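Structure first, then comments.
Quick note on labels: first sequence line is chain A, next is B, and so on, each numbered from 1. Remember, predicted model here, so these are calculated numbers, not experimental data.
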Amino acid sequence: MTDQQADATRELPDPNGEDLPEQMRIRSEKRARILAEGKAPYPIEVERTHTLAQVRADHAELETGASSGEIISVAGRVVRFRDAGKLCFAVLQDGDGTQLQVMVSKNGVGDEALAAFKADVDLGDFVSAHGEVISSRRGELSVMADSWAMASKALRPLPVLHKEMSEEARVRQRYVDLIVRPAAREVVKTRASVVRSLRDTFHSHDFTEVETPMLQSLHGGAAARPFQTHMNAFDIDLFLRIAPELFLKRAVVGGIDRVFEINRNFRNEGADSTHSPEFAMIEAYQAYGNYNTIGDLTRELVQNAALAVAGSTTVVLADGTEYDLGGEWRQITMFGSLSEAAGREVTALTERAELVELAAEHHVPVQDWYSPGKLAEELFEELVVPDLYAPTFVRDYPEDTSPLVSAHRTTPGVTEKWDLYVRSFELGTGYSELVDPVVQRERFVAQARVAAAGDDEAMRLDEDFLRAMEYGMPPTGGMGMGLDRLLMAITGLGIRETILFPLVKPE
RNA sequence: GGGCCUCUAGCUCAAUCGGCAGAGCAGCGGACUUUUAAUCCGCGGGUUCGGGGUUCGAUCCCCCGGGGGCCCA
């Protein structure tokens, strides 16, 4: 055995071993015994005529203690088990969270099958039962079994159902979290509803969904550190994309006038309660649109998603507070709001030295390579962002930090770009896209200088993208929004709760 | 990157000043034909995250490492 193999097996419990935790050992032994008795712990098929929800719906009116006369088969995971001698109660749970009680009695199934039920079934097992739908003496809708069968034997015990698992256990073993915590299942459904709503809204405005490369020889479209990988066949280094932007714009050049993509981006940065190294992104480009029209679209996307999930543009967050996403949203400018917060006039034309002084006053750390625009943004994040609770479009960002955006049509030194803030975090961004290939080339060259000066988030020159733009790109509005963050905005959950299987350090 | 907190049974958590490592649920054996986190009787279950140190003695104190969380940058 190699060292690697030894590593791989070290943590794996030996199914026949003596060093298993007691409860796993007992379950493994039961599995072996069931096989030895000629029964199947994992049958390919079990009888199931109704889902648990169907039974509940069909017999909602059944009176306490009554019998329905209907004979059916149900199956599900055993989440509660009680043995009262010649009668056993097992509560089955379906994937949708619906639970239904099964009663297995001496009269119903006979001595042998009752004894097997007690001996074979543990919490967590999948079991099927055949029998009449009845209501118990206490009014609990039940299936009074005349036969039962193991559907799938669980080898690991479930955690207690009455307390939530620790946050780490929930994230590392989401499959268990999903079994025992209804809210975990709910988030999965909520996310699906949001994605569906986004697509519906895009389609209602005649947008076309595309998929663009995730493996790119040149990463671009955003300021972020990429993941690197290698392609053996071409012997070239590749990057996992940090944004789909440059390819979606190529699509617009080609005449896909309204285009969107909902897919994963990868950024080789930290992971905390608002950042995940892989995250789902919504991007859209609208020919003959601009940052105003794309802002309207973004608001519609968010509000429709809230309606789809909550039935209202006022959503209830995880902490129980209400949050209003409805109506028109506040619009402020970056430099206007910064001036107000700083108590003095700051514009895109303010000298770097004055900004450095202002940064010192407010204890904002400054790097040598910071441009005036970068300085202004750092100040804005410190002085203004913490107060942006209600949905707010912040407009007109500095030119030197927005290399893919058109210069503002009237205000010097800024671009037609907005950032959307919700509860003080950045939910999305939108631009009047830069479509002049000559200016675009100048911006790329300037970015290359910034990169050389030490900003490893700066963009690289993308010659093929410039070639595409040189064929002519119509005036275009573009937007981007993090799907995970949209979920956070609507539900109030942390990012690791909105992602089904978030990245965690190996155990 | 820095600071603070945390890691104990399958799960959730206790353990006083450094002195036999515990509870609830889960599990095992027994009783019970209507239970709703059933009840009653009895019983097991631990690499206290890993490694080192101090000590007669370490879950506890010290050092190194790892996982998780919070705050700061």
Do we get A:K417 above A:Y397's six-membered ring, with its NZ or CZ under 6.0 Å from the centre and within 45° of the axis?
-> yes
Measure from NZ on A:K505 to C1' on B:G69 and round the result to the nearest Å.
-> 13 Å
Salt-bridge present (A:R170, A:E497; N to O < 4.0 Å) | yes
A:E167 has its side chain closest, among B:U33, B:G69, B:U35, to B:G69
For B:G67, does either OP1 or OP2 sit under 4.0 Å from a side-chain N or O belonging to A:R172?
-> no
Between A:E168 (CD) and B:C13 (P), how many Å, whole number?
-> 12 Å
Would you say A:V102 and A:V74 make side-chain contact, with heavy atoms under 4.5 Å?
-> yes
Which whole number of Å gives the distance between the C1' atom of B:G68 and that of B:A15?
-> 22 Å
Sugar-phosphate means primed atoms, P, OP1 and OP2; the rest is base. With that split, encode nucleotides 21-32 of chain B 5' to 3' as B, S or - using protein heavy atoms under 4.0 Å.
-> ----BBSS---B
Considering only NZ, NE, NH1 and NH2 on the basic side and carboxylate oxygens on the acidic side, decide whether A:D484 and A:R191 come within less than 4.0 Å.
-> yes
Test: A:D120 and A:K39 ion pair at under 4.0 Å = yes
Expressed in whole Å, how much space separates the P atoms belonging to B:U59 and B:G22?
-> 13 Å
In whole angstrom, give me the gap between the C1' atoms of B:C13 and B:G19.
-> 23 Å
Taking the same atom, P, in B:G44 and in B:G50, what whole-Å distance lies between them?
-> 25 Å
Nearest-angstrom distance, P atom, B:U16 to B:A23 = 16 Å
In residues 96-104 of chain A, which residues come under 4.0 Å of RNA chain B by heavy atom?
-> A:Q101, A:M103
CD of A:E164 versus C1' of B:U12: gap in Å, rounded?
-> 11 Å
May I ask you to verify if any side-chain N or O of A:R138 is less than 4.0 angstrom from the OP1 or OP2 atom of B:U36?
-> yes
Could you check whether A:S166 gets within reach of a base, just the sugar-phosphate, or nothing at all, counting any heavy atom under 4.0 Å?
-> sugar-phosphate
Send over the distance from A:I179 CD1 to B:G10 P, rounded to a whole Å.
-> 18 Å
So what's the dot-bracket for RNA chain B: Watson-Crick or G-U pairs under 3.5 Å, [ ] if a pair crosses, | if it pairs off-strand?
-> (((((((..((((.....[..)))).(((((.......))))).....(((((..]....)))))))))))).
When we call it a touch if two heavy atoms are under 4.0 Å apart, what does A:K106 touch: a base, just sugar-phosphate, or nothing?
-> base
Nearest-Å distance once atom C1' is located in both B:C20 and B:G27 | 24 Å
Salt bridge A:E283-A:R241, side-chain N to carboxylate O under 4.0 Å = no
Can you tell me the distance, in whole Å, between the CG atom of A:D177 and the P atom of B:G10?
-> 20 Å
Pairwise P distance, B:G51 and B:A14 [rounded to whole Å] | 24 Å
Taking only residues two or more places apart in sequence or in another chain, which ones pass side chain to side chain contact (heavy atoms under 4.5 Å, CB included) with A:A223?
-> A:E457
Any salt bridge between A:R33 and A:E29, counting N to O under 4.0 Å?
-> no
Taking CD from A:Q173 and P from B:G68, how many angstroms apart are they, rounded to a whole number?
-> 14 Å
A:L155 CG - B:G10 C1' separation (whole Å) = 13 Å
Report the distance from atom CG of A:L20 to atom C1' of B:G45, rounded to the nearest whole Å.
-> 14 Å
Ignoring hydrogens and angles, answer whether the base of B:U35 and the side-chain atoms of A:S136 contain a donor-acceptor pair closer than 3.5 Å.
-> yes
Excluding sequence neighbours, so at least two apart, what forms salt bridge (Lys or Arg N to Asp or Glu O under 4.0 Å) with A:E378?
-> A:K374
Given that A:A169 and A:S135 both sit by RNA chain B, which one's nearest nucleotide is further toward the 5' end?
-> A:A169
With sequence neighbours excluded, what pairs up with A:R395 under the salt bridge (Lys or Arg N to Asp or Glu O under 4.0 Å) test?
-> none
Residue pair A:F266 / A:F279, side-chain heavy-atom distance below 4.5 Å | no
Counting only heavy atoms not in A:R330, do more than 12 fall under 6.0 Å of its CZ?
-> no
In this structure, CD of A:E361 is separated from CG of A:L383 (nearest 0.5 Å) by 9.5 Å
Given the C1' atoms of B:G69 and B:G29, what is the spacing between them in whole Å?
-> 42 Å
